[in-house]
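These notes concern the structure reproduced below.
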Protein chains: 2
Amino acid sequence: MGKGEDTRSMILDAALAQASEGGFESLTIGTLAARTGLSKSGLFAHFGSREELQIAAIDAAAARFADTVFAPALLAERGLPRLRAIFAHWLRWTDDSGLAYGCPLHAAAIEFDDRPGPVRDHLVGHYERLQRNLERAFALAVDTGELPADADPGQLAFEALGLVFAYYHAARLLRRADAAERARAAFDRLLAAAAPAA
Amino acid sequence: MGKGEDTRSMILDAALAQASEGGFESLTIGTLAARTGLSKSGLFAHFGSREELQIAAIDAAAARFADTVFAPALLAERGLPRLRAIFAHWLRWTDDSGLAYGCPLHAAAIEFDDRPGPVRDHLVGHYERLQRNLERAFALAVDTGELPADADPGQLAFEALGLVFAYYHAARLLRRADAAERARAAFDRLLAAAAPAA
DNA sequence: GACAAAAAAGAACGACCGTTCGTAAAGTAA
DNA sequence: TTACTTTACGAACGGTCGTTCTTTTTTGTC
């Protein structure tokens, strides 16, 4: 029931592609209308305001991220295998989810980090959830004994996030072919340094 | 001679403040005219196009970054002391240079990473220079023997850059008070892990 | 103080922005 | 088919965008 739902998710697909390509600021009603073939007013009616469109786009991106990065990693055994799976999926998540360019959530995070409002709130919610999930994955590696009891999951999650950002930077802005390799090496080193003194 | 030069640099000061607060996309002629008290056309005449204004703003930000982060670090002895000085200045560079919000260059890097043109070229130039300078600082620590001969300056610079990005993220978006502490701890760990096996 | 050059202002342009409203088309259920 | 709701369109709005002109004001020099 309701073909409006279908149209809405079709619009959000286009919105993520647009945000990936041109940043969140490029997510305008007119651009998106042209991209979807809808009229401006027809598209507008699905959201009621640009802000609600932005919020819906962030929620859609966050859901797709969870499905692409974290969900499949649950198939790997808890501990280091799962951590490596998360990281590996993360580096390829935009490609795997059909986004040809950068991560929409990363773009939004920089554009809205000093702009209070519901858009920023949703974004913060996503990244806090992400941080918690990542910390939990590290904590499980402590449980399995693969990481020592005094390892700090919060600190490790902080550093792992930094590696992803460094990868985005090297891959997208600098176009360096060795970006993924550098990131993987760094993640391995991070895990090795956190492991018991053998 | 020429008060145009003074006005121009006054405009660029305002441009950096604006880009820090609202991102590079918020660097419009109208906003900047209101901020400086000039008329739109009067301001416009100093640059000839918005693109040239953006380029001038990036160059100004890059120059200020070099003066704030790298220049004073040359006073520290080469090797680890200088590396620590660079990193410490880096975490506070926007505050130290009078920018109340985020790093304009970081904002521009995300907004232009998939938008070819002269603006992106200038940005890439800055970040490649930054990468080289950082690598050189690590290489000097190899020369002094504080880091082993098989340490990889390129890899270390990659990871250090990631720590700064993680700091920006935690401090600006998540508003976490321990962001700087986390970054410093990670940098210490990075240097310690790279140091000779004692 | 006169005069040329530089700097700033003012008005207008076409384009796009988000948004509103009235209307037409498409879908759904009886 | 009828009646009703959902969905989409088209036109228009006030506003801002970058940019182009012309005119006025300010600056620096003899």
Side-chain angles (χ1 to χ4, degrees), chain A residues 1-19 21-58 60 104 107-108 111-112 115-120 122, chain B residues 1-19 21-58 60 104 107-108 111-112 115-120 122:
Chain A
M1 31 100 153
K3 90 157 207 170
E5 300 276 336
D6 291 351
T7 308
R8 190 186 146 101
S9 78
M10 180 263 276
I11 294 173
L12 287 177
D13 281 353
L16 294 196
Q18 177 66 37
E21 187 171 346
F24 234 76
E25 204 59 47
S26 80
L27 213 56
T28 74
I29 307 286
T31 304
L32 210 44
R35 196 175 192 118
T36 57
L38 292 173
S39 66
K40 270 174 63 178
S41 54
L43 187 146
F44 184 87
H46 281 272
F47 301 95
S49 72
R50 176 157 122 105
E51 192 171 63
E52 290 209 33
L53 163 66
Q54 290 174 321
I55 291 174
I58 283 176
E111 296 178 23
F112 284 92
R115 214 179 305 177
V119 179
R120 185 184 192 282
H122 274 248
Chain B
M1 35 106 152
K3 92 157 209 170
E5 298 278 335
D6 291 351
T7 307
R8 191 186 147 100
S9 78
M10 181 261 276
I11 294 173
L12 287 176
D13 282 353
L16 293 195
Q18 177 66 36
E21 186 171 349
F24 233 76
E25 205 58 47
S26 79
L27 213 56
T28 73
I29 306 285
T31 304
L32 210 45
R35 196 176 191 118
T36 56
L38 292 173
S39 67
K40 269 175 63 178
S41 55
L43 187 147
F44 183 88
H46 282 270
F47 301 94
S49 74
R50 175 159 124 104
E51 193 171 62
E52 289 209 34
L53 164 65
Q54 290 174 321
I55 291 173
I58 283 177
E111 295 178 24
F112 284 92
R115 212 178 307 177
V119 178
R120 184 184 192 282
H122 273 249

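Order of the sequence lines sets the chain letters (A, B, ...), proteins ahead of strands, with each chain counted from 1. Since the model is a prediction, treat every value here as computed from it, not as a measurement.
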Specify the separation, in whole Å, of atom CD1 of B:Ile29 and atom P of D:dC17. 9 Å
Rounded to whole Å, CZ of B:Phe47 lies from P of D:dG18 at a distance of 13 Å
For atom CD1 of B:Ile11 and atom P of C:dA7, their distance in whole Å: 11 Å
Validation row: A:Arg8, A:Phe47 side chains within 4.5 angstrom (heavy atoms): yes
Which protein N or O atoms sit under 3.5 Å from an N or O of nucleotides 8-14 of chain D?
residue	atom	partner	partner atom	Å
D:dA8	OP1	A:Thr7	OG1	2.9
D:dA8	OP2	A:His46	NE2	2.2
D:dC9	OP2	A:Ser39	N	2.8
D:dC9	OP2	A:Ser39	OG	3.1
D:dG10	N7	A:Ser41	OG	3.0
D:dG10	O6	A:Ser41	OG	2.7

May I have the distance from A:Arg50 (atom CZ) to C:dC17 (atom C1'), rounded to whole angstrom? 9 Å
Those residues at least two apart in sequence (or on a different chain) that pass salt bridge (Lys or Arg N to Asp or Glu O under 4.0 Å) with A:Arg35 are A:Glu21
With the threshold set at 4.0 Å, does a side-chain nitrogen-carboxylate oxygen contact exist between B:Arg120 and B:Glu51? no
Give the rounded distance in Å between these two atoms: CE of B:Met10 and P of C:dA7. 13 Å
Calculate the interatomic distance between B:Leu32 atom CG and D:dC17 atom P; express it in whole Å. 11 Å
Quickly work out the A:Glu25 CD to C:dG18 C1' distance and round it to whole Å. 13 Å
Measuring only between side-chain heavy atoms, which start at C-beta, is A:Ile58 closer than 4.5 Å to A:Phe24? yes
Atom pair distance, as rounded to whole Å: CZ in B:Arg8 and P in D:dT27: 20 Å
I want to check something: taking the side chain as every heavy atom from C-beta on, are A:Arg50 and A:Thr28 in contact at a cut-off of under 4.5 Å? yes
Have a look at B:Thr31 and say if it touches a base, only the backbone sugar-phosphate, or nothing, with a 4.0 Å heavy-atom cut-off. sugar-phosphate
May I ask you to test the A:Leu53-A:Ile29 pair for a side-chain heavy-atom distance under 4.5 Å? yes
